[in-house]
Amino acid sequence: MKRLLAVVLIFAISFSLFSDPIEFEYEPYAEDEFPLWTYELRRAESIFFGSLVITFPLSMAAYNIAANLGMNTPDEAYKQVLQQALWASGASLAIVLVDWIIGKASG
């Protein structure tokens, strides 16, 4: 098996060494190349995953406070982490929705 893999790798490397380089010219994106919803989706994605850095530790702290105050929590640790992740995802989604609403309202 190792010899076959070595032969395939040598074969692939030999093709890459003796092939002609691919030449292409850079073309900047046109202003109307992508529809507006793709920009909005990219913004929402960046805000969602960027806010997870803040919402996940905050949701962990809120979950621990609620558990200490008597909230029913599962015994398994992985279920607790999944609930905390759900809380953090919900908070990040709320931030994204607020940003989108503010963007639509302002213009």
Side-chain angles (χ1 to χ4, degrees):
M1 183 66 181
K2 290 181 182 179
R3 288 183 186 188
L4 177 64
L5 182 62
V7 169
V8 169
L9 285 175
I10 290 172
F11 191 68
I13 290 172
S14 66
F15 271 118
S16 66
L17 290 176
F18 300 113
S19 65
D20 293 331
I22 299 173
E23 295 181 18
F24 61 92
E25 293 183 23
Y26 172 74
E27 295 180 19
Y29 290 118
E31 190 143 333
D32 59 345
E33 190 166 352
F34 296 106
L36 181 62
W37 67 268
T38 58
Y39 293 111
E40 292 175 352
L41 183 64
R42 176 67 178 145
R43 178 179 173 87
E45 175 191 5
S46 298
I47 292 172
F48 179 81
F49 288 111
S51 66
L52 270 177
V53 175
I54 297 169
T55 59
F56 198 75
L58 290 177
S59 70
M60 288 173 62
Y63 186 87
N64 288 334
I65 290 170
N68 288 337
L69 293 176
M71 181 184 80
N72 292 334
T73 59
D75 293 333
E76 296 88 3
Y78 77 93
K79 287 185 180 179
Q80 292 177 359
V81 173
L82 286 176
Q83 284 183 348
Q84 293 168 2
L86 182 65
W87 286 20
S89 298
S92 292
L93 185 61
I95 292 170
V96 167
L97 289 175
V98 166
D99 176 71
W100 182 72
I101 290 169
I102 290 172
K104 288 295 182 183
S106 67

Review point. Do F49 and I47 share a hydrophobic cluster (ILVMFWY, side-chain heavy atoms under 4.5 Å, transitive)?
Key: yes
Check your understanding: Are any of the side-chain nitrogens in R42 or E45 under 4.0 Å away from the carboxylate oxygens of its partner?
Key -> yes
**Study point:** Nearest-0.5 Å distance that lies between atom NZ in K2 and atom CG in L9
**Key:** 13.5 Å
Practice item. Locate the shortest heavy-atom distance separating D75 from Q80; write the atom from each residue and the value. Key: O-NE2, 4.4 Å
Practice item. Please answer: with hydrophobic residues joined when any side-chain heavy atoms are less than 4.5 Å apart, are Y29 and Y39 in the same cluster? Key: yes
Study note, to complete from the structure: Of all heavy-atom pairs linking W87 and A66, the shortest is CH2-CB, 4.5 Å
Exercise for review: Looking only at non-hydrogen atoms, find the nearest pair between A30 and E33 and report the distance.
Suggested key: N-OE1, 3.1 Å
Review point. Which distance, rounded to the nearest 0.5 Å, do you find between the OG1 of T55 and the CZ of F48?
Key: 7.5 Å
Point to revise | Test item: N64 and Q84 side chains (from C-beta on) under 4.5 Å apart, heavy atoms | key: yes
Review point. Mind checking whether I95 and L52 sit in one hydrophobic cluster, side chains of I, L, V, M, F, W, Y counted as touching below 4.5 Å?
Key: yes
Point to revise | Minimum side-chain heavy-atom gap M71-Y63 below 4.5 Å | key: yes
Revision key, fill the gap. Rounding to 0.5 Å, atoms OG (S59) and CD1 (I54) come to a distance of 12.0 Å
